[in-house]
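Shown next, in structure tokens, is the structure this report addresses.
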Amino acid sequence: MAADALSIIPGAVLRNLSDKLYEKRKNAALEIEGIVKQLATSGEHDKISAVIALLTNDFTMSPQANHRKGGLIGLAAVTVGLTSEAAQHLEQIVPPVLTSFLDQDSRVRYYACEALYNIAKVVRGDFIIYFNKIFDALCKLSADSDANVQSAAHLLDRLVKDIVTESDQFSIEEFIPLLRERMNVLNPYVRQFLVGWITVLDSVPDIDMLGFLPDFLDGLFNMLSDSSHEIRQQADAALSEFLQEIKNSPINEFVKLGGEQLVPYYADILGAILPCISDQEEKIRVVARETNEELRAIKADPTEGFDIGAILSIAKRELNSEHEATRIESLHWFSTLLVRYRAEFLAYLNDIFDPLLNALSDPSDAVVLLVLEVHARIAEESHHFHHLVSYLIHTFHNNHVLLEKRGALIVRRLCILLGAEKVYREFSTILETEGDLEFASTMVQALNLILLTSTELAELRSLLKKTLVDSCGKDLFQSLYASWCHSPMATISLCLLAQAYNHAISVIQSLGEEDINVKFLVQLDKLIRLLETPVFAYLRLQLLEPGKHTWLLKTLYGLLMLLPQQSAAFKILRTRLKTVPFSENLKRTSSTNPYSQILQVTEDGNRNQDTQSYNAINFPSRLHQFESMQQQHRVHLKNQLQSQKSASAIVLSQEIQRYEEAHSSSTSEIGRPPSRTSRGIS
């Protein structure tokens, strides 16, 4: 057959067809076109097949790039020469052209686009049978590394779209699988290519793209979060085409339109929607929020394809988003699923619990509050609750800045969601056995400050005030006391709240010299200032009856004695105590002694005080508990100081050793006898 072709096509034409100059190749192709036209007129199709085989085997498959270029131009020329009779030879002509789309030489790929363009112009609808292969090739060429090839592919793509829209042989059923498997490609050029085809096919009246919407809808949603503004706009426009009567929020309407049919795709849709909630463009944000609400409003049945695990996976992923709005919406999904499908939700808890715990360190207060709501719902089971509080303590231990800046917010919110008494009891139980005594003291001081200042804990304070007269108050006091012992000032504060003034002065008198340090005085300063707040109004009113509340007076004077006289706290407390209305008939041992009144009040009050309420709690045992804990803190502090001294001694020893070695070296240099060279010079 090749020999027949050589007798048909002059040797000079074949040589020019492989020439490096484009003009010579073009002229050779025109001569081939003329020869084929004559052969077609005379009906010699066997010779035409021989020419095509020659161009395919000797040219398009040649290792020489110029031969391959010539072969492609030649095949296009054959098609033009055949005109209306080209269809019967397409099986020979099209495959080698499609193969050339994968050529390593960008110029060959360019000529392949040009050749197929010219072939398509001639045969039009007859080459629809090759559409799937042509679409696959165009999809790859749309992302070609060579700009000229991309441009040529774009022109070919436009022609193919024109042919498809006017053809009645195009099969949408065969095309959709090709489209679906490419919808998750991230390359921006391919995305533009795919959106273009979706838009074109949707515009064809005889093609029902809406019926195949679930096959590519999630891909379009993903494109809405593309970094390219142009692609986002094209995706939104493509979505809008599916509901031409809807102009403002097409995506939202898609969810309404698809309804339960889209249930299996909810996770994919959600994965595309959540990032768009934080998009820079307001329109996309609004549409994404509306769609998100539509999705969350649908109560699907897990037995009908509603994949809770997939949705939780998406929500967990978006919990790490850099955008606050997206993180917030992902948490709303956690809450929604937990409320509606608690059993199914808890089945995935091992996968999501740690990310939810880590989210408590989120820089956004709004996110932290929502995370706490999710945890509060999970914590309905006691072991989950214990795990949550244990993790919080562990996190605060490793991140003191978080404790300082977010501790109050987290604890107060948990108290609202789970109950202040439950939360504080759990904190106290865990902190009682905390190995890091210094952290335990810091944590207790933080909890104590929250207890004394937060409106959310008002009921807890009221219960503690009934410690001496109510069994519930007594039980709470003893529960907190076990860990409050880590901090002397927290213990004294707890006693003041519980009105256990007799025990408060015992605690104060048990303090040793090493206990009254700078940290203690800072905490004492805070307490004195808090005594002037509404929380302790009841205590200040009790000072109106000094004879009845003698231990309170003694406690306050005990605190006063611990304060430096020049401190602001000393002056505040002394000023308050000066307002105590002592009775005129009280004996005064010395007019020069400003505290003789309180001494007399105490002596008289002690004889008449009702001690029945104090017998409800074994305060001597509590005092022993406090002193034992403080002794542990003293030993711990002593060991710390010894370790620091030992470390300093080691460093000093090393410095001395280095100094002596250096000094010894310099001395040996001085004592060494001069060399012969130096003696000769001198």
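As the structure is a prediction and not an experimental result, all values here were calculated from the model. All values below were derived from every heavy atom in this structure, side-chain atoms included, with hydrogens, water molecules and symmetry-related copies excluded.
- Side-chain contact annotation: Y501 with Q542, donor-acceptor N/O pair under 3.5 Å present.
- F619 and A500 get closest at one heavy-atom pair: CZ-CB, 3.8 Å.
- The CZ atom of F396 sits 5.0 Å away from atom CE of M443, with the distance rounded to the nearest 0.5 Å.
- Judged as a salt bridge (Lys or Arg N to Asp or Glu O under 4.0 Å), and not counting sequence neighbours, the contacts of D365 are R406.
- The number of heavy atoms from other shown groups lying within 6.0 Å of NE2 (H323) is above 12.
- Here L372 contributes atom CG and L392 contributes atom CG; the two are 7.5 Å apart, rounded to the nearest 0.5 Å.
- Looking at S441 and Q445, their side chains do bring a donor and an acceptor atom within 3.5 Å of each other.
- Counting heavy atoms of neighbouring residues, nucleotides and ligands inside a 6.0 Å radius, atom CD of Q509 exceeds 12 of them.
- A pairwise comparison of heavy atoms in L494 and N448 identifies N-OD1, 4.5 Å as the closest pair.
- In the model, Y481 has a side-chain atom that pairs as donor or acceptor with a side-chain atom of H503 under 3.5 Å.
- Remark: E281 CD is packed, more than 12 non-hydrogen atoms of other residues, nucleotides or ligands lying under 6.0 Å away.
- Smallest separation of non-hydrogen atoms from R540 and E532: NH1-C, 3.3 Å.
- Remark: R296 engages E293, E329 in a salt bridge (Lys or Arg N to Asp or Glu O under 4.0 Å) (not counting sequence neighbours).
- Other residues, nucleotides and ligands contribute at most 12 non-hydrogen atoms within 6.0 Å of the NZ atom of K519.
- Under the salt bridge (Lys or Arg N to Asp or Glu O under 4.0 Å) criterion, D475 pairs with R425, not counting sequence neighbours.
- Surrounding CD of E514 are more than 12 heavy atoms belonging to other residues, nucleotides or ligands, all under 6.0 Å away.
- Checked by atom type, the side-chain pair T326/E318 shows no donor-acceptor distance below 3.5 Å.
- Here the closest non-hydrogen pair linking P363 and R327 is CG-NH2, 4.4 Å.
- In this structure, L527 CG and Q523 CD are separated by 9.0 Å, a value rounded to the nearest 0.5 Å.
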